[in-house]
Amino acid sequence: MQKFEAKSAILGWSNWLFVAAIASSWQLATKVGVSTELTPIDLAVLRYCIPAVILMPVLWRHGFLPKRGERGLFLMMVAGAGLPFGLISMAGAAYAPAAHMGALMPGAMPLFVSLLACMFLGERIPLWKSVGLAAILIGILSLTGPALLDGIGGTDDKIWIGHALFLCAGVLWAVYTVAFRCGSYGPWHVAALVCLWSAPAAILIWLSMPGTRLFAVPLGDFILQALVQGVLAGVAGLAAFGLAIRHLGPVTASTSGAVVPFLTAFGGVFLLAEALSENTLLALCFTSFGVVLSSGVIDLRRANTRPS
């Protein structure tokens, strides 16, 4: 029994770390892509077309069309996790450093999810979660406030545009999360549907836009982006998160988002030669602490379940 629990814990924490590493790798790869020759729509084609093909067996088994009575929820999920979310978050990476993406998106997501759930689902926000959300808000403001003031002051710094896009992406993801909770789709089915219905729109936009360079970049760059955007972020991350939930429970598994800001920030420093300011470090600390608290990990006795 103890050997089984030890093996389960090792598998759970390994996948927990893998989830965080995939999320951070996606952010860093996106920053690299939009900072070189690729455009957000180039990356979006890879992000949604590759998983749509890989997950075709899921669609064949569960259906290619949204369920009757849940089409409104389905559209919300496509907007929240599909092409609109992808384009907005990738466009933000063109304006702001990777560390800012790492701090703002993982923090904004639970913040806006809690607010929407409170407004539309009638959920109450307990004290411990309120403290976590407050910490996230402090982290967001410590990063976005100075950049916004610089933008108002007429400087050429456009980082605030990236911040605004990251926060908009957080709102969209919150819409997806709330819609998913209200629907009856399984996680693999909804991931396959979101990619399937996003892929044609991504291809149409890509064909109609000038300046796209998806097939003009070096082969190594193309393979890297295809692997990270399509395979890791689109498929492997979902599988790893499912395994983390199975072996650690949903609450503990969700805390992997607290590691992403630091992984992305230090990846930006060592891989992209980005500077790490005091404001950024402060935002990283507050948002990571807030993500842990808002996940409910301190309420494990009630909310977390593990296999016996």
Side-chain angles (χ1 to χ4, degrees), residues 18-56 58-59 77-98 100-102 104-106 109 162 165-166 168-170 172-173 176 187-188 190-207 209 211-241 256-257 260 263-264 267-268 271-272:
F18 190 42
V19 169
I22 288 175
S24 178
S25 299
W26 174 74
Q27 293 178 350
L28 291 169
T30 298
K31 179 61 181 177
V32 170
V34 298
S35 299
T36 52
E37 299 183 72
L38 295 171
T39 64
I41 190 61
D42 288 323
L43 299 178
V45 168
L46 297 175
R47 173 61 183 83
Y48 296 106
C49 291
I50 293 176
V53 174
I54 295 176
L55 297 175
M56 196 61 67
V58 176
L59 293 166
M77 287 188 281
V78 171
L83 185 60
F85 167 80
L87 284 178
I88 288 175
S89 56
M90 292 169 181
Y95 292 97
H100 294 198
M101 188 180 190
L104 292 178
M105 288 187 61
M109 289 173 182
L165 291 171
F166 293 151
C168 287
L172 286 175
W173 188 263
Y176 161 76
W188 284 103
V190 75
L193 282 172
V194 165
C195 291
L196 176 71
W197 286 76
S198 296
I203 293 173
L204 288 175
I205 296 173
W206 181 79
L207 290 173
M209 284 189 64
T212 55
R213 295 184 53 81
L214 182 58
F215 297 109
V217 298
L219 180 61
D221 293 350
F222 179 87
I223 293 175
L224 172 66
Q225 292 294 343
L227 177 64
V228 175
Q229 300 287 343
V231 179
L232 292 181
V235 180
L238 182 63
F241 189 61
S256 61
V260 175
L263 289 178
T264 301
L271 300 177
L272 307 178

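Not measured: the values here are computed from a predicted model. Residue numbers run from 1 in the order of the sequence given.
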Spacing of CD1 belonging to Ile41 relative to CD1 belonging to Ile203, to within rounding of 0.5 Å: 9.5 Å
Where Gly82 and Tyr48 come nearest, the two heavy atoms and their spacing: O-OH, 2.6 Å
Listed partners of Trp188 passing ring-ring contact (aromatic ring centres under 6.0 Å, His included), at least two apart: none
Value rounded to 0.5 Å, distance of CG in Leu165 from CE in Met101: 10.5 Å
side-chain hydrogen bond (donor to acceptor under 3.5 Å, both in side chains) involving Thr39 - partner list, sequence neighbours excluded: Asp42
Residue pair Thr36, Asp221: steps toward the side chain to side chain contact (heavy atoms under 4.5 Å, CB included) verdict: CA-CA 10 Å; Thr36 52; Asp221 293 350; 5.7 Å; no
Phe241 side, atom CZ; Ser256 side, atom OG - distance, nearest 0.5 Å: 6.0 Å
Exercise: identify the closest heavy-atom pair between Pro51 and Gly234: CG-CA, 3.7 Å
Within-4.5 Å side-chain heavy-atom neighbours: Val32 and Leu272: yes
Non-hydrogen atoms of Gln27 and Gly102 that approach each other most closely: OE1-CA, 3.2 Å
From Leu172 atom CG to Ile88 atom CD1, the distance as rounded to the nearest 0.5 Å: 5.0 Å
Any donor-acceptor N/O pair, Lys31 side chain to Ala93 backbone, under 3.5 Å: yes
Pairs where residues 224-236 contributes a residue and the test salt bridge (Lys or Arg N to Asp or Glu O under 4.0 Å) is met, not counting sequence neighbours: none
4.5 Å side-chain heavy-atom contact, Arg47 and Cys195: yes
Rounded distance (nearest 0.5 Å) linking atom CG of Leu227 with atom CD1 of Ile223: 9.0 Å
Pair listing, ring-ring contact (aromatic ring centres under 6.0 Å, His included) test, anchored in residues 78-97, at least two apart: Phe85-Trp173
Spacing of Ile54 atom CD1 and Cys49 atom SG [to the nearest 0.5 Å]: 11.5 Å
Qualifying residues under side-chain contact (heavy atoms from CB on, under 4.5 Å), relative to Leu46, sequence neighbours excluded: Ile50, Leu214, Phe222, Gln225, Ala226, Gln229
Taking every non-hydrogen atom, the tightest pair across Ala96 and Phe166: CB-CE1, 3.7 Å
Minimum side-chain heavy-atom gap Ile205-Leu83 below 4.5 Å: yes
Side chains of Ser89 and Thr30 in contact at under 4.5 Å (non-hydrogen atoms): no
Where Ala23 and Val260 come nearest, the two heavy atoms and their spacing: CB-CG2, 3.8 Å
Heavy-atom closest pair, residues Leu59 and Ala52: CD1-O, 4.4 Å
Sequence-distant partners of Pro40, side-chain contact (heavy atoms from CB on, under 4.5 Å), two or more places apart: Val34, Leu87, Met90, Ala91
